[in-house]
Structure formats: C-alpha cells, structure tokens
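Below you'll find the structure, written out as structure tokens, and then a few comments.
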Amino acid sequence: MRKLLIGLLLLATAQITAQETGSIVGKLTDTDFNDEPLAFANILIDGTTKGTTSDFDGLYEIANLEPGMYTVVYSFLGYETITKADVVVEAGKSTTIDVGLSAAAGVELEEFVGTATTTKESETALLLDQKNATIVKESIGAQELSFKGISDAAAAVNKISGVSKQEGGGNVYVRGLGDRYLNTTYNGLPVPSNNIEKKNIDLNLFSSDVIQNVGVSKTHAANFYGDFAAGNVDITSKEHTGDFFLDIDLGTTVNTNALGTDFVKSEGTGYFGFYNRYRNNPYAVLLSHGVDAISSEGTAGISGSFASGKSWNIGEASRLSVFATASFGNSFEFREGPAVDYTTVEKKRFPNTEVYEYGRNTTAMANIVYRINDKHKVKFNSLFINDATDEASYFGTKGLGTNRDAILDTDRGFYQSNIQFSQDMIFVNQLLGTSTLSEKLKLDWGVGYNNVLARQPDRKRISIERYDLELDGDENTNGFFFSNIAYDNQRYFQDIEDSELNARINLSYNVSEKLDFNFGYNGRSKQRTFENIRYGYDFIQPNTPVGDVRDLDGVFTQENLGTVFNTVVFNGLDPQNGLGNVNLPGQLENTYEGNLNVHAFYTDAVYQVSEKLSLVPGIRFEKFDQDISYDVINLPATDPGERAASEFFILPSLNVKYALNEDQNLRFSFSSTVSNPEFKEVAPFVYEDVTQRIGGNPNLLNDPAFSRIYNVDFKYEWFMKPSELLSISAFAKAINDPVNLVVANDATGTQRFFRTGDQAQVLGFEFEVRKALITDADEQSVLSTGINATYTYTKQDLKGSNGVFSTTFDRDSDQLQGASPLLLNADLSYRPTFGSYKPVANLVFSYFSDRIDALGSGQLGNIIEKGVPTLDFVWKNNINEKMELNASFKNLLNPNIERVREVDGGDITLSRFKRGLNIGFQFKYKF
C-alpha cells in the first residue's frame, strides 16, 4: 500500500508538471471528537470509480482529474455522508476541500459499533493521536481494554511504558515517581482523592465500562497544572453518537485462596456496600452493636453491567445523544502470612495472620451530548462511584504472636483482631463545551463540581494475651484481654469530605497555516474536612478472661458496661460541668480542615516551522494558596494549630517535534514545574494500623512551601504500520527540596513526610515496541506482541530536619522513595478468525523491581516494597455479532507480596502474603 501511494503521488506530480490535469486535496476531521483527523474515510467522484481514502492525518488527494466541474461524495461507516457539488478542477492546480464529518443518528447498531471502535477507542486511532501530539503522550483505548480483559483505569495505565501500579492498590508510579508527583484528570478536569493517604484518586475505581480511553502525558505543557513531574493521567469518558443499543453482561469470579474458607465480613454493611447506620451517633453504635465479624454467604464474586445509548436528530442541524452505564461487582480475597511491627527493635511479631477482604464496587455514569449545530456542542457528564471494602484481619492466629509491651508473656500468645469497613462515595459532575466562533477562533471549556465522602464508620480492634492457651485443648485455660492502655481495645469512627469546584477554558486562534495560539485559564478551589473519634474499652479488673476470640459480642454488652469494662473517650462532652469521658459519648478526637486554591493563566504557540519541524513554546502564570488548620492530639502546646503558604509561579515549557519522515518523529521537551504538598502530607494526624503508623508534617508549608522541578525529555518514535510502534526515550529531572516519606525520630516509629535534602536527580530510559507477528490476507493482525521497559536511576542527597517532628540520617544519599529501577510490561495477543467465530486470546505480563516504600532515618534501614511479577490470561470469545463468552485467569504466577525492613545482618520481613489466582467468566449480549 505504501509503495502504491508513493507511486500515485509521483504520477500525480508528473501530470501536474505537465499542466494537463488537476487534483482535489484536503483534510477530513471528526466534528464529534474535537475535530481530530478522520482516518480511512472514503472520498469518491460521483458517477465515476475515481476516489481515495484519507490517511492517518485525515489527508486525502484525488489526482489526475481532467479540468472541469465535479461532485465529490465524502462518507464513512456510521457517519453522515456529505456531498460537495460544483467543485472546480483546473489544469495544473490543486483544489482544496476540507470537510468535517459527524456521526449519523439513523445508522444501524452494527455500523455505530464499527465507527466508535475505529475512530475513538481503537489502538490505531490512539497511535495516530500519539503521532500527532505536540507532547509525549501515550494512550490505551476501550477496544484494547476489552481485548486484554482490563477491568479498570489502574490496570490500563499499567500497560503503558514507564508506568506501574502498587500491587493491591490503585497507586500509580510514572517513570519512577509516585503519587505526589502525578496528577489525575477526568475529561481534562481534576478529580479529588478518595483516600487521605493519597493525592490522586484510586484508579481502580474507574471501571472499564465508563472509559473511552486513558492517556498518560509525560511532558509538561502550559495547559497542565504546574504541580507536575511524573505526568498527567487523563480519563476520557465514553460517549455515544449512533442509534439505540443495549449491552448487558453477567459474570462471576472466584479467588483460589478464598475457596473453602469460612469467609467473614463486618456486621452492619449492605450487599451493595452501603453502611446501614450512618446517621447514628458513634456511641449509640458502640452500645447497640457488637465487635464480631459475621459470616459471608459464599466466596464467589458476581458482576453485572448494562450500557445503553441513543441519538435523536433535532431539526436539520442539531442532535441529542444520550449514553448511560451502570455496573456492580463484588470480590472475595483471602490472604495469610507474617506481619511485623519493627522500628529500631521488634515491637510486635505475628508469624501467622489471616485477612478476609470482601470488596464491592458500584459505578454509574450518564453522558448527555447536545450538538447545537456543526459549530457548537455541549456535554454534561455525571459519574457516581461507590467503593466499599470489608476487611476482617486476625493477627497471631496460631498463638505465636509476640509483643514487647505484653503484660503476661512477651514471647507468646499475643493476638489482635481488626474488623473494619471502608466506604468511598465519589460524585463527579461536569459541563463541557466546544464552539467554533469563526474560521480562526475555537473555544473549548469545562466546569466541574466534585464531592468525595470517605468513611470508616466502625473499626473494631481487640487485643488479647496468651491466646495460645485457647488452642491447647484444655477448657480450664484461656486467654486474657490485653489492656496496657484503654485504647488497646477500641472502636474507631472516621469521616472525610472533599469538595472541589474547578474550571478550564481555552481559546485557540489560528493565525495562519503555520501558526496557532492558545490562550487559557484553569483553576480549582478545593476543601477537605476530616474528623475522627475513638472509644477505648477500659477493663475494670486486670486480666479479664476471654472465651472464643471469634465470639466476643457477649462480653461487650450494655449489661457489662460499668461492671466488666468502661468506655473512655479523649474529649468528654462538657468536662467543666462534670460530664467526664467515661461511659458517655464524647467530642471529636482529631479534626482538620484544608483549603487549596490554584488559579492560572497560560499561553502557548503551535508553530509549524516547516513540514518537518514544529515548536510549541508556552508559559504559565500560576497562583497557589494553601492553608490547613487542625486540632489533633499529642502535639506540643506551643504549636499554633495552623499553617499557610502562598506562592506565585512562572513556568515556561518547550515541546519540539521533528518529523524525520511521515512515519518517524524526534521529540524534545523542556519544562519547569513544581510539586506542592498535599493535605495528608501536612496534616499532623496519625493513622494507626496494626503494624504501622503514618502521619503528616505541617512544617512542609514552611521554608520552602514547594519543590521546584526541571524536566528534560528526548524521544524517537517510529509508527511502522497503523497498529505498530517502536519508540526509545531518555529523560532527566532535577527536583529541588524533594519530599519523602520517612520514619520519624520518635518512639512509635511513625512514618511522616519530610523535605529530606537539597536536590534529587532522576535519569531514565524507555523502550517500547508493538509489532504484528502474523497477519491475514487483509493485513489484519493475527498474532501480535507489545513490550515496553523502563530503567530509572534516582539519587537524592539527605539531610536531617527539625521542627514539630525531626529526622536524621546516617548516610549522605539514597534512592528516591517510590522509584523502581526497572519496569517491564509485555503482552501477546492471538486473534484468529473461523468464519463468524473470532476469539481473542491475550497473555499480559508486568513487573516492577524493588522500591523504597519509606526511608529509614537515624540508623534505621529503609522499608522496601519487593518487586512483583504478574501474569494474566484473558480469553474472549465472540460467538457471533451479539454474543460473547469470556474467561480470565489473573495472577497466574501468584507471587509473594512482601515488604521488608533493611537491617544489618539481613532484612526483616514486615509482611508477606500471596493473593491467589482469580478465575472469572463473563457472558455478554448485545441487543
């Protein structure tokens, strides 16, 4: 095909030179997709067999036309056909006709599906977008998500070069940099975090049902927020522009570890992951509901979803399109292995732990798109996510647990249970629009309001000594409640609410064919409120005996209140009037409120210096304001209880693309960006898990309040064929005043955030190849592979810090926290065709090497997250055009998930477990 096109172009050139014929040339764009180039559309001279198709860039040429007047027909499957009459062709000249096509409302379902896949969600279309982008950007679309059995956005970005995610969570690492150096947007607007421990929302929450594509931009441009170093992840929501359709699927998943277990979950939670008593006072919950987990019916997860859409023509120029989808899924996972609390010494050791995790996710999204005419379009998008997790954990299940602070025996029998329910409800509402104001001016805008409710409504933690006596078979011996302090046995309640208003606007001005300017604004106003309260069980008599540790509701009753135990809260209702903190409801224990305001104006120029060279210089002016006020326990009385920072940034950027030829690019990028502290990093509240504690450090908003970052990138990319790619990249970053998670200098070993040195350096290389190994007669891939690898070298200088919290180091430098030296992703796809039966088999592999989870201070070694390989197999069976029967086998390698503390003489294992193999089956039907 390439040789034929070159020959046709040479022939056309010869004819034009001879002044005997003319040609019709132009560009086709998709007006429903931000005027992106429309590849593979048909252009035909009416009444003849002469015609052509548009190329990757939407460009076309019909050469060797005799002078005269023609009628040209432009068409594409599922799109409205446009006819241009009275097109004049003159000898020796090229007549330019640019056309925008939009999806037709009356097309058949099958036509729409083909259109959406080809133009908006396919690997080919997204590689085209990557090829034409002015920044280093990589994407994965709905088609590839479906082929590879990718169920959420976290797993999607994990298939992109230089990207890995934290095992068992949605934390994403780009080019060796973790959560604090990354941004997440949804349709170009920010989304808040659902977890106080994260800056970014958990990408696991975005199911593939709502995703059209996921893109990772690795270089900065003026329109991105200045808080940028690793990259920006943007999730584009699905749309629909065709005839009515309805898809329904049902599935089931089993975890090999969970099969055969007596699975348990928190009491008080509903099937769909809603807590049944949110409006109740925590103390009323404590008095009326016990501490035990309850049995879960079965261990096989189920899933189901539907998606539907329809478009209506309104008059001659307008169209209304509606798309809605909803899904639900639950899962069961059982883990067992050791867990250790270790700082300078071993505080607690549990050789045997058992964790029962029951997850539920409900997602609903609606899109309403109104195309007023071919120049104006508005879209409303509403997304709701409810993510709920029951986790029942039992530490020291075989009576071998130890605790250096134990009262009865420090060497055996220490046991703890931790039953908790966590629920995150995310509401995202966006109004978006595009307008073509004139031939020169285009406007793109969006405004959004987000709300997150993240709750732990009743965490129950019980501590027991001499649990080994419960296992000796002697009914006359038993364990005892451990009660060194009242809060060794406790009920914990926590609420977080994030609300955010954000907006963006971009005005594009076309000066000439070679020069465009963009002028824009984006900003956000965000507020977080946090509160928690904790009630301790204070046993009146020492060494209160325990019966069955899985049946303690008979102990914690209203009848035993005041005789067997008392409840204690830090802040009583009204101490001055005699209302103390014993056996009464209390006031909140810890609170904080944070405010963040970012307002920025920017401009850039897209200058096509020549056919090969394009320059995109830009500059961003950004105002940053952040404050936090807090009332938390265990702080010095002299602490003011608040911090604030205000900064003004001028952030230049330059992106350069040089086209070696039509298939190969060289890219260069330079930018100056910043990294600002997050609320969870500056709020001094400490979240206490059974074996670790993590808190913030308000000093991060002082001298300085941000990290200045300089970024340089080089990239070579070769788009060998429509779905084939070879790319090689090199990148470097200098991070001034970096922030790391460090074990602070205190007796508890709490991990906090510190500015650990003057500078950190990041150097890295990326390699990616996507290649069709076997093709059919139509040059469609039958067997293909994709491999990408990233090597990252990081080094930072270390220095101690003092303030409300302090830290010291016994070394001058170390690697950057969260950076894996090696990331590797690979997949092998087999897509044969047997008549109407078209199965797809995918083998997907990923790996990240060891990385620092938290820096050790003083003489403490680092906490290391050990490298993890994962291997998934997905088999999709398109029985016919309407029916699919799919199977997946995930985590085939079932590796150890392990965290260790580096110490002299060998590593101390802090936790180690296997997740088990997940086997799933899905039935899908298209009406």
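Residue numbers count from 1 along this sequence. Atoms considered below: every heavy atom in the structure, side chains included; atoms not considered: hydrogens, waters and symmetry mates.
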Hey, are K348 and E346 close enough for a salt bridge, meaning a charged N less than 4.0 Å from a carboxylate O?
no
Shortest non-hydrogen pair, L471 vs T397, comes out as CD1-O, 3.8 Å
Is the distance between the ring centroids of F570 and Y487 under 6.0 Å?
yes
N-O pairing of R461 and E391 below 4.0 Å:
no
Students often mix this up, so state it plainly: with edges at 30° and 60°, are the rings of Y358 and F332 parallel, tilted or perpendicular?
parallel
Quick one, T477 with D472, criterion side-chain hydrogen bond (donor to acceptor under 3.5 Å, both in side chains). Give me CA distance, side-chain angles, the key distance, then yes/no.
CA-CA 8 Å; T477 60; D472 63 5; 2.7 Å; yes
Q692 and Q751: side-chain hydrogen bond (donor to acceptor under 3.5 Å, both in side chains), yes or no, with the steps?
CA-CA 8 Å; Q692 69 172 352; Q751 301 170 34; 3.0 Å; yes
Do R550's NZ or CZ and the ring of Y394 fall within the cation-pi criteria of under 6.0 Å and 45°?
yes
Is the distance from the ring center of Y592 to that of F685 below 6.0 Å?
no
Taking R534 first and then E589, would you say they form a salt bridge - that is, a charged N and a carboxylate O separated by under 4.0 Å?
yes
Below 30° counts as parallel, above 60° as perpendicular, anything between as tilted: where do the rings of F565 and F556 land?
tilted
D341 and salt bridge (Lys or Arg N to Asp or Glu O under 4.0 Å): which single residue from R349, R901, R693, R404 fits?
R693
Using salt bridge (Lys or Arg N to Asp or Glu O under 4.0 Å), reason through K866 and E898 one step at a time and then give a plain yes or no.
CA-CA 6 Å; K866 303 295 287 184; E898 186 174 9; over 6 Å; no
Does a donor on one side chain and an acceptor on the other come within less than 3.5 Å for R491 and Y537?
yes
Hey, can you tell me if F481 and F539 have their rings parallel, tilted or perpendicular (30° and 60° cut-offs)?
parallel
Does the cation-pi check pass for R412 over F414, that is, NZ or CZ under 6.0 Å from the six-membered ring centre and within 45° of its axis?
no
Between T389 and S422, is a side-chain hydrogen bond (donor to acceptor under 3.5 Å, both in side chains) present by the stated rule, with each step listed?
CA-CA 5 Å; T389 303; S422 303; over 6 Å; no
So which heavy atom on S820 is nearest to which on S849, and how close?
OG-O, 3.0 Å
Measure from NZ or CZ of R851 to the centre of the six-membered ring of F848 and say whether it is under 6.0 Å with the direction within 45° of the ring axis.
yes
Testing D495, D424, D387 for salt bridge (Lys or Arg N to Asp or Glu O under 4.0 Å) with R455, which one passes?
D495
Establish, from distance only, whether the side-chain atoms of T343 and K347 form a donor-acceptor pair under 3.5 Å.
no
For N484 and D405: C-alpha separation, side-chain torsions, deciding distance, then whether side-chain hydrogen bond (donor to acceptor under 3.5 Å, both in side chains) applies.
CA-CA 8 Å; N484 189 24; D405 296 323; 5.3 Å; no
Could you walk me through whether V264 and I294 pass side chain to side chain contact (heavy atoms under 4.5 Å, CB included), step by step?
CA-CA 5 Å; V264 292; I294 62 174; over 6 Å; no
Is any side-chain heavy atom of L917 less than 4.5 Å from a side-chain heavy atom of N894?
no
Quick one: closest heavy-atom pair of T591 and V632, and the distance?
O-CG1, 3.9 Å
Indicate the ring-plane relationship of Y492 and Y687, choosing parallel, tilted or perpendicular according to the 30° and 60° boundaries.
perpendicular
